[in-house]
Amino acid sequence: MQNIKSASKNFTSNLLTAAIVSSFVAPPVFAAENNKKSDLDDIEMIQVKGQATSGLDRLIGQDELEKLQANDLADIFRLDTSVNVGGSVGMSQKIYLRNVGEDMLHISIDGAEIAEAVFHHAGRVTVEPEILKQVEIEAGTGSAAVGPGALGGAVRLTTKNPIDMLTNGENFGGILKASHFSNGSGNKVSVTAYGADDDRKLSGLVNLVSATNDNFEAGDGNEIVGSGADKMLGYLKGVAYITDGQYLSVSYENLEEEGDILYKPELIPSHKNWISPTQGTRESIIVNYGYDDLSSDLLNFRVTAYQSNQEQTRYYDEYLVEGTVESKGINVQNKSEFSNIYLVYGLNYRRDESALAETPTHEEGKVIGVFAQSIIQVTDALTLSAGSRFDEYELTDWLGQEISDSGFSPNLSASYQLTEKLGISAGFASAMRGPKVKDSYKVGYYSNDPNLKAETATNLEFGLDYQGDNFELGIGRYQSTIKDPIGNMAPWGKVAENLAHDLETEGVYLQFDLNLGNFYLHTDINHATTEFNGDKATRYFHSSTATTMGDNYILDLSYVVNDKLTLGWVTQYVESVDPFEVLVDAGGPYEETLTASKQGYTLHDLYASWQPLDALKVNLAVKNLLDKTYLSQGSVEDLTHNAGYEIIAGQNSVGRDIRLTVSYDF
């Protein structure tokens, strides 16, 4: 392979304890109890009891990430049926939340927003699960405080803190961890060191990760071309508590992935999609400052400043192609408590630049917004959440066109306790997003309609929650509409415009959690239909905007044998999507109707965690136990049976993979 070089403490309410657990719609109680208290302390999304309210829908904790030995995006969201991540090649993985794609989501890591993908045939999010502490998910348009542009919801990833890792009064410590993956002969080694002074005023963390794997194999034994890669991560974080109510943290992350990867990693190899030496990097620096006036409930603010740079370089034949997306921003928010009101308000500012080295120009986009979100305890039984934000977008594209738009995004939701155990909730939310920079590989080649205007989304939800003595049940229905979506009538369109038809999603969900002594059961079911102009959304035609997935069922069973050993089993059933028609380039010169379908599949995973010594831990996971051959419904659909589309399909997913991790704390 040719070598490529490229350049707060958070709110815990004592006033609204019946309705608010911490600070941004509640996950199942038992799921929260399985996370350490420090996980809950760092929740940033507003959390109100009732799953149809604005805020947190799902919290993925560190324990969950470890038991499944998460190694990529698909692993991170493995137990959440509302999230679909497809793609057997790491760079090809894209996030879909209730079928709405990552391009319509607000995604951040430690407050640093990831505004745009570098390449439309690759994913927008690159992260090493090893450094993650937790992941917060808000499905559908919701809280005003989550940030600008959350048309389909938000995903907030939070990295580990040094103080969280110090136990038993120790001042210094570390973790040595080694993993082996049978599929692709993969190996990962990580070293983590952390420390603090006696008073816990100063603390620091360093994490180094090296991982490598050959090409994976699908269940049928065929090689997944371009799936081998080498990854390197360097992560640093320092935290200083200046006073009892004042802190400063600085973190730096550099993640690099390199390999002989397909030029378009989301598609099968072909005469138009060949192996290309590829490198992707993400570098970010984040500064957080927080001040909590301990003598007043009115002042508790945080300022986050960040710079994030994503880059991908690959070869197009013998020509080097280098694209970059850089985002700089600042977020300011304050939290105030009154007698029966909790209020969070502030502003967001972000500047994005997208550039392709081979073209002599670039694009710049800006967004500035102000927001306020409140939670009001009207009575012991009734809680209201109301908020709004105002955002102004400005874009100067590579042709020099200046396009701008602005607007409000209000929301209102309510939760009512019919009985001590039974509650109902309902919510309405809207969001707008003005024109923004394109991915860098389109700069210099794809233009904008000069009359481009903002996309707007609305989301309506109803929910019912029942909390028993040892179980919790949540069911609900949601309906979202994204109007004036920006895109093309055909995947090869060269002009971004507001499409004439809405992107519409309807769905229902059910979540059930049960604790019986040492036995834990989690069931998650999601049904959603997403259509554009009456046709089902597909990843190939709608790319990072939307896709379609069959009914998704997940069952997670675990049993704590003793304080040393835990066993678990996860099964997922994804229902097939019957053959359907897709109208391509409607009204254009290449208009035609294609047929597509999605095969269903059932997957089984086993996991075990054994801690023979306090300092020694062994995790074993068997992914895809029965070695199923399948094409993930989050991948590009198999369209090869349509004339002219013989090279359009995603590669099959990874077959059986036995993962063993040994970690030693010192």
Measuring from [X]:[atom1] to [Y]:[atom2], what's the distance to the nearest 0.5 Å?
| X | Y | atom1 | atom2 | value |
| --- | --- | --- | --- | --- |
| Phe532 | Thr538 | CZ | OG1 | 11.0 Å |
| Ile368 | Phe390 | CD1 | CZ | 10.0 Å |
| Met432 | Arg389 | CE | CZ | 10.0 Å |
| Ile114 | Ile109 | CD1 | CD1 | 3.5 Å |
| Asn411 | Thr458 | CG | OG1 | 12.5 Å |
| Thr545 | Met104 | OG1 | CE | 4.5 Å |

[X] side chain near [Y] side chain, heavy-atom distance below 4.5 Å:
| X | Y | answer |
| --- | --- | --- |
| Tyr509 | Asp57 | no |
| Leu79 | Leu68 | yes |
| Ser440 | Thr324 | no |
| Asp75 | Lys623 | yes |
| Lys494 | Tyr445 | no |
| Val654 | Ile224 | yes |
| Asp449 | Asn498 | no |
| Arg282 | Val127 | yes |

Okay, side chain of [X], backbone of [Y]: is any donor-acceptor separation there less than 3.5 Å?
| X | Y | result |
| --- | --- | --- |
| His106 | Pro148 | yes |
| Ser354 | Lys438 | yes |
| Gln401 | Asn448 | yes |
| Ser227 | Phe216 | yes |
| Ser635 | Gly87 | yes |
| Ser143 | Ala145 | yes |
| Asn215 | Gly228 | yes |
| Asn642 | Leu639 | yes |
| His271 | Ile647 | no |
| Asp220 | Asn222 | yes |

Practice problem: Any chance you could lay out the side-chain contact (heavy atoms from CB on, under 4.5 Å) test for Phe181 and Asn213, step after step, and finish with the verdict? | Solution: CA-CA 8 Å; Phe181 308 90; Asn213 66 270; over 6 Å; no
Quiz item: Above 12 or not: heavy atoms from other molecules or residues under 6.0 Å from CD of Glu223?
Solution: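 Atom CD in Glu223 is packed in, count exceeds 12.
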Restricting to non-hydrogen atoms, name the atom on [X] and the atom on [Y] that form the minimum distance, rounded to 0.1 Å.
| X | Y | answer |
| --- | --- | --- |
| Ala457 | Ile482 | CB-CG1, 3.9 Å |
| Val437 | Glu116 | O-OE1, 3.1 Å |
| Asp260 | Ile275 | O-CD1, 3.5 Å |
| Asp405 | Pro435 | CB-CD, 4.3 Å |
| Asp638 | Leu631 | N-CD2, 4.0 Å |
| Leu503 | Ala546 | CD2-CB, 3.8 Å |

Do [X] and [Y] have side-chain N/O donor and acceptor atoms under 3.5 Å apart?
| X | Y | answer |
| --- | --- | --- |
| Asn526 | Tyr478 | yes |
| Asn459 | Glu461 | yes |
| Thr159 | Tyr235 | yes |
| Gln572 | Asn552 | yes |
| Asn533 | Asp535 | no |
| Thr629 | Asn652 | no |
| Asp524 | Thr81 | yes |
| Arg124 | Gln310 | no |

Practice problem: List the steps and the verdict of side-chain contact (heavy atoms from CB on, under 4.5 Å) for Phe541 and Glu637. | Solution: CA-CA 10 Å; Phe541 294 106; Glu637 302 77 11; 5.8 Å; no
Quiz prompt | Cation over ring face, Lys628 and Tyr601, 6.0 Å, 45° | solution =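 Lys628 over Tyr601 ring: no.
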Practice problem: Determine the interplanar angle of the Tyr316 and Tyr263 rings, folded into 0 to 90°, and report it as parallel if under 30°, tilted if 30 to 60°, perpendicular if over 60°. | Solution: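 Aromatic pair Tyr316/Tyr263 classed perpendicular.
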Practice problem: Show your working on salt bridge (charged side-chain N to carboxylate O under 4.0 Å, His left out) between Glu130 and Lys231 and close with a plain yes or no. | Solution: CA-CA 12 Å; Glu130 181 67 28; Lys231 297 179 183 179; over 6 Å; no
Practice problem: Report the C-alpha separation of Gln651 and Leu262 in whole Å, then their side-chain angles, then the decisive distance to 0.1 Å, and conclude whether the side-chain contact (heavy atoms from CB on, under 4.5 Å) test is met. | Solution: CA-CA 11 Å; Gln651 295 194 77; Leu262 291 169; 3.5 Å; yes
Practice problem: Determine, stepwise, if the pair Arg314 / Phe119 fulfils side-chain contact (heavy atoms from CB on, under 4.5 Å). | Solution: CA-CA 11 Å; Arg314 49 175 52 83; Phe119 184 29; 3.2 Å; yes
Quiz item: Going by an N to O cut-off under 4.0 Å, is there a salt bridge joining Arg433 and Asp103?
Solution: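 Judged by the 4.0 Å cut-off on N to carboxylate O distance, Arg433 and Asp103 do form a salt bridge.
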Exercise. Test Glu266 against every option in Arg539, Gln93, His120 by the side chain to side chain donor-acceptor pair (under 3.5 Å) rule and name the one that passes.
Key: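 Exactly one option meets the side chain to side chain donor-acceptor pair (under 3.5 Å) with Glu266, and it is Arg539.
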